[in-house]
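Below you'll find the structure, written out as structure tokens, and then a few comments.
Numbering starts at 1 and runs along the sequence shown.
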Amino acid sequence: MARERVTAARALCMRGYLLTVSLSAWMDGAHGIGDQLIPQYPVVSQSVTLSVTGVTGTIRQFTWYKGSSADTNNQIFSVIPSANSVTEGPQYFPRANWFPNGSLQISGLVPTDQGNYTVQLVTAESRAQHTVSLPVYEPVTASGISTDNKEPQENQPVTLTCSANNAEQILWGKNGVPLPPGLSLSADNRTLTFPRISRSDTGQYRCEASNAVSKIISDPYTLTVNYGPEKLRIAGPLQVTSGNPLLIECSADSVPTPTYQWKFNGTNLAIQSNILYILQATPESAGNYTCIGTNSVTKLSRETSVYVSVNDYESHSGNPAAIIVAIICGSILGIVLISGIMALLYRKYVLPLRGQSGDRGEDPSRIYDNIPNTAAAHPAKEEGPYMGLQRPSQDTYSELKL
């Protein structure tokens, strides 16, 4: 009885030893086995080769399985290259093909081809087994940005969502540059959240969705932050002259641009513009003008007022007709003034002189008749061209009468 027990124990030890040796040999053979994906990033509708590497010796047989284990139910096919013999398994499909070096090729990839594949090889020296993971990539499609608030108002929460299929990475940008710090992104970067949006967040946003084989950038999404109206103001002259035009303009800080309404002394005017224009102001145009601005999104309204005065007289400054009339009137007045001065001088100086001449009975026109004709009294003498100068005689002036 004891001898039988010893014999059984020896047999068990021997089996364990043989199993250990076999496993060690198998591990040694499998240590250098590997698989390489060609191409590295397989794309749907294209082909991929699961190329076996590191095999030493001649391959007598290899078997491919769809899964992580060499289970008979997972078998795709088993091949004896030297005999060109193929045995199809439960997981066989026509798009699967083999190469003598033990590689597996799959054409016309579909998303369901993705997963683990196991190869088992038998060579003259060893047995080897290796599992490889096959990814199947699809191009990124349908990248776009949507929002939960299409007309956001300042200080409201807003979320932007990047919608993309088959994306592994999503990046955001604003106005052509990366996002400024402080914004909130989800773990997968698909959503961008503004807890309290401000007018500085206004701009064009894009999202870039990508994976190993493709990349797509969304169309720009213009985020407009609505606010206002604020700082409502009226610009223009506050004093005009009667007969001249009156123009005042109302403006405000607001998105969108507000609608405007005018009041004059509390009465609504039929003006739906930010500009109020009166062609010719009159004294009745003087008064209090009120501008009311209303934002169609925020539903807020603001108003402001100014008082405009109108001077009750016509200003001729810059009027060509008035200038011509002024010139004519000035010329007439100048002529009249000069004529009056000349008449006064004539009376004061000319008339007294005529009166004195009349008292002596002399004709003023004969004042110089007593001057003798010296040319006749002293005839000229013929002299040479170089005749010396002679001193005039005393008789030359003796005949002048005082």
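Other residues, nucleotides and ligands contribute more than 12 heavy atoms inside 6.0 Å of the NZ atom of K174. Within 6.0 Å of the OH atom in Y277, the count of heavy atoms belonging to other residues, nucleotides or ligands exceeds 12. The environment of R60 atom CZ is sparse: at most 12 non-hydrogen atoms of other residues, nucleotides or ligands sit within 6.0 angstrom. Summarising the local packing, CD of E168 is surrounded by more than 12 heavy atoms from other residues, nucleotides or ligands at distances under 6.0 Å.
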**Steps toward ring-ring contact (aromatic ring centres under 6.0 Å, His included) verdict (Y137, Y41)** = CA-CA 7 Å; Y137 293 95; Y41 303 107; 5.8 Å; yes

**Asked** Run the side-chain hydrogen bond (donor to acceptor under 3.5 Å, both in side chains) check on T63 and S78 step by step: do they pass?
**Response** CA-CA 4 Å; T63 305; S78 181; 2.9 Å; yes

**Message:** I'd like to know whether T191 forms a side-chain hydrogen bond (donor to acceptor under 3.5 Å, both in side chains) with S186, so could you lay out the CA-CA distance, the side-chain angles of the two residues, the decisive distance to 0.1 Å, and finally the verdict.
**Reply:** CA-CA 5 Å; T191 60; S186 62; 3.1 Å; yes

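Between D113 and R95 there is a salt bridge, since a side-chain N of the basic residue sits under 4.0 Å from a carboxylate O of the acidic one.
Looking at L238 and V306, their side chains come closer than 4.5 Å, going by heavy atoms from C-beta outward. Counting heavy atoms from C-beta on, the side chains of Y227 and N295 never come closer than 4.5 Å. Two residues are said to be in side-chain contact when any heavy atoms from C-beta on lie closer than 4.5 Å; T118 and N74 fail this criterion. Side chains of L37 and L134 form a contact here, defined as non-hydrogen atoms less than 4.5 Å apart.
Here the side chain of Q105 pairs no donor or acceptor atom with the backbone of N97 at under 3.5 angstrom. Under the 3.5 Å distance criterion, the side-chain polar atoms of S51 are left unmatched by any main-chain donor or acceptor of D35. Side-chain N or O atoms of Q261 include one that pairs as donor or acceptor with a backbone N or O of L269 at under 3.5 Å. Formation of a donor-acceptor pair under 3.5 Å by the N189 side chain with backbone atoms of I170 is found in this model. Judged by distance alone, with hydrogens and angles left aside, the side-chain atoms of T123 form no donor-acceptor pair with the main-chain N or O of G57 at under 3.5 Å. S210 contributes no side-chain N or O that, together with a main-chain N or O of S214, makes up a donor-acceptor pair within less than 3.5 Å. Counting only distance, with no hydrogens or angles, the side chain of N175 and the backbone of Q204 share a donor-acceptor pair below 3.5 Å. When atom types are taken as modelled, the side chain of W98 and the backbone of V86 share no donor-acceptor pair closer than 3.5 angstrom.
Shortest non-hydrogen contact noted between A252 and L232 is CB-CD1, 3.4 Å. Pairing each heavy atom of W262 with each of C250, the nearest pair is CZ2-CB, 3.7 Å. In this structure, G293 and Y260 approach most closely via the heavy-atom pair CA-CD2, 4.3 Å.
Aromatic rings of F264 and Y289 (six-membered ring for Trp) have centroids within the 6.0 Å cut-off, being under it.
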